[in-house]
> 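If you scroll down you'll find the structure; I have some questions about it.
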Amino acid sequence: MSESRLQAVIGDHFLFSSLSQQARETLVQHCRTIKLKNDETLFSQGGEAHSFYLALSGAVKLFRVSPDGQTKVIEVIHAGETFAEALMFMDQIRYPVNASAMGSAEVMVIPNKLYKEMLLAAPQSAMKLMGTMAVKLHRRIKEIETLTLQNTRHRLGNYLFGLAPDPAAKQSVFQLPMAKQLIASQLGMQPETFSRLIKEMKTQGLIEVNGAEVQVHDLQGLRAFGH
């Protein structure tokens, strides 16, 4: 990706938008980009965390593997999103998860030391960043409440409803953003439970599924599924 395009991308992201133009130019000049192939590992759990990342294209899966070999998807990062940035504010030196590409992907590698030096040199930028991160933390707490307080039916119904381009529409068609087993993992349910609930939705006439394509016949009914 060209330097001018990188400038545009980071200028739109909350971690960098409060920095001066000169600081953003310096950041781009001192960072590198990495292209990843499908399933290629970016970093592993326990690896030294000297950098954080901005996804430029494709998607990156953050996951952990249980002692019995089960993969638990923590989050899927899409283009324009950063990840592993919280570690530098906690002075954590090890990555707590694994990261690998879902399909072809490209990421920007930002050294923690460089970014923190820029914030220390511009206190006003740091204050703006703190405010934005507080809002994002509040949203993340809401997401955690959704995963812990809602039952599996409600979780899946809300997840699929959130994929619809127009939430006010009666019907919708959209593509699942990743494999069904990864969606199940991210929603905290077994693949068998996911398949059973999808079958229930089909039986109730809410949806039809063809591969990754989902046709929703009753979008509001889908949202209410499991209430």
Side-chain angles (χ1 to χ4, degrees), residues 36-47 52-87 95-105 107 133 136-165 167 172-202 206-207 209-216 219 222-227:
L36 302 168
K37 299 177 182 178
N38 184 40
D39 284 333
E40 185 174 353
T41 298
L42 178 61
F43 57 77
S44 299
Q45 181 178 340
F52 68 100
Y53 305 85
L54 169 65
L56 301 174
S57 65
V60 175
K61 174 179 64 177
L62 305 183
F63 65 98
R64 301 188 74 165
V65 180
S66 65
D68 61 355
Q70 295 291 320
T71 297
K72 169 59 180 175
V73 177
I74 306 301
E75 191 172 3
V76 175
I77 307 297
H78 299 282
E81 298 177 342
T82 53
F83 54 104
E85 70 274 15
L87 302 181
Y95 292 115
V97 296
N98 305 286
S100 64
M102 298 174 60
S104 299
V107 299
M133 293 191 76
K136 290 181 72 67
L137 176 60
H138 181 72
R139 291 175 182 168
R140 181 53 58 91
I141 290 173
K142 289 292 186 182
E143 292 174 5
I144 293 172
E145 288 178 350
T146 295
L147 286 175
T148 54
L149 299 180
Q150 294 179 355
N151 61 41
T152 53
R153 295 165 61 87
H154 194 179
R155 268 180 261 161
L156 182 56
N158 272 344
Y159 176 82
L160 294 177
F161 177 82
L163 295 177
S172 185
V173 178
F174 52 80
Q175 297 285 321
L176 295 176
M178 53 186 163
K180 297 181 180 69
Q181 67 181 32
L182 293 181
I183 295 175
S185 177
Q186 189 170 13
L187 294 178
M189 65 180 73
Q190 295 297 319
E192 296 80 6
T193 304
F194 180 92
S195 298
R196 176 175 57 79
L197 294 177
I198 290 293
K199 186 176 181 179
E200 283 189 36
M201 291 178 177
K202 291 179 180 178
L206 296 174
I207 64 172
V209 181
N210 182 18
E213 183 181 86
V214 178
Q215 296 183 27
V216 183
L219 193 57
L222 178 64
R223 186 182 191 184
F225 183 79
H227 280 258

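Predicted model, so just to flag it, every value in this text is computed and none were measured.
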> How many angstroms lie between atom CG of Asn151 and atom CE of Met189, to the nearest 0.5 angstrom?
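Here the rounded value is 9.0 Å.
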> Starting at CG of Leu160, measure out to CD1 of Ile198 and round the result to the nearest 0.5 Å.
5.5 Å
> Let's go through Ile77 and Glu75 carefully: what are the C-alpha distance in whole Å and the side-chain angles of both, what is the deciding distance for side-chain contact (heavy atoms from CB on, under 4.5 Å) to 0.1 Å, and is it a yes or a no?
CA-CA 6 Å; Ile77 307 297; Glu75 191 172 3; 3.7 Å; yes
> Kindly indicate whether the side chain of Phe194, heavy atoms from C-beta on, has any atom under 4.5 Å from the side chain of Ile183.
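Phe194 vs Ile183: side chains touch.
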> What's the shortest heavy-atom distance between Leu36 and Ala101, and which atoms?
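Smallest heavy-atom distance, with atoms named: CB-CB, 3.7 Å.
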> Suppose the criterion is salt bridge (Lys or Arg N to Asp or Glu O under 4.0 Å): which pairs have a residue in residues 176-197, not counting sequence neighbours?
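Output for this query lists Arg196-Glu200.
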> Any donor and acceptor pair, going by atom type alone, linking the side chain of Gln186 with main-chain N or O of Ala184 inside 3.5 Å?
no
> Under the salt bridge (Lys or Arg N to Asp or Glu O under 4.0 Å) definition, can you give me all pairs with a residue in residues 59-73, not counting sequence neighbours?
none
> Mind checking whether Phe43 and Tyr95 have parallel, tilted or perpendicular rings, split at 30° and 60°?
parallel
> Can you list the steps and then say if Val216 with Phe161 is a side-chain contact (heavy atoms from CB on, under 4.5 Å)?
CA-CA 9 Å; Val216 183; Phe161 177 82; over 6 Å; no
> Between atom NZ of Lys37 and atom CG of Asp39, what is the distance when rounded to the nearest 0.5 Å?
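Result: 12.5 Å between the selected atoms.
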> Between NZ of Lys202 and CD of Gln215, what distance do you get to the nearest 0.5 Å?
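Here the rounded value is 11.5 Å.
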> Please evaluate residues Leu176 and Val214 with respect to the criterion side-chain contact (heavy atoms from CB on, under 4.5 Å), reporting the C-alpha separation (whole Å), side-chain torsions for both, the decisive distance (0.1 Å), and the verdict.
CA-CA 7 Å; Leu176 295 176; Val214 178; 3.8 Å; yes
> Taking atom CD of Gln45 and atom CD1 of Ile74, what is their separation to the nearest 0.5 Å?
9.0 Å
> Determine whether more than 12 heavy atoms belonging to other residues, nucleotides or ligands lie under 6.0 Å from atom CD of Glu81.
yes
> Do Phe225 and Leu156 touch side chain to side chain, with heavy atoms closer than 4.5 Å?
no
> Any sub-3.5 Å donor-acceptor pair from Glu213's side-chain atoms to Asn210's backbone N or O?
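Here the side-chain-to-backbone pair does not exist.
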> Starting at CZ of Arg153, measure out to CG of Asn158 and round the result to the nearest 0.5 Å.
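With rounding to 0.5 Å, CZ (Arg153) is 12.5 Å from CG (Asn158).
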> Would you sort out whether Leu42 and Tyr53 count as a side-chain contact (heavy atoms from CB on, under 4.5 Å), showing the intermediate values?
CA-CA 10 Å; Leu42 178 61; Tyr53 305 85; 3.8 Å; yes
> Is any side-chain heavy atom of Leu163 less than 4.5 Å from a side-chain heavy atom of Pro177?
yes
> Counting distance only, does the side-chain N/O of Ser100 pair as donor-acceptor with the main-chain N or O of Thr41 below 3.5 Å?
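Here the side-chain-to-backbone pair does not exist.
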> So, for Ser172 and Pro165, which heavy atoms are closest and what is the spacing to 0.1 Å?
OG-CD, 3.3 Å
> Could you list the residues that satisfy ring-ring contact (aromatic ring centres under 6.0 Å, His included) with Phe63, not counting sequence neighbours?
none
> Do Val107 and Leu56 have side chains that approach each other closer than 4.5 Å (heavy atoms only, starting at C-beta)?
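The answer is no; the side chains never approach within 4.5 Å.
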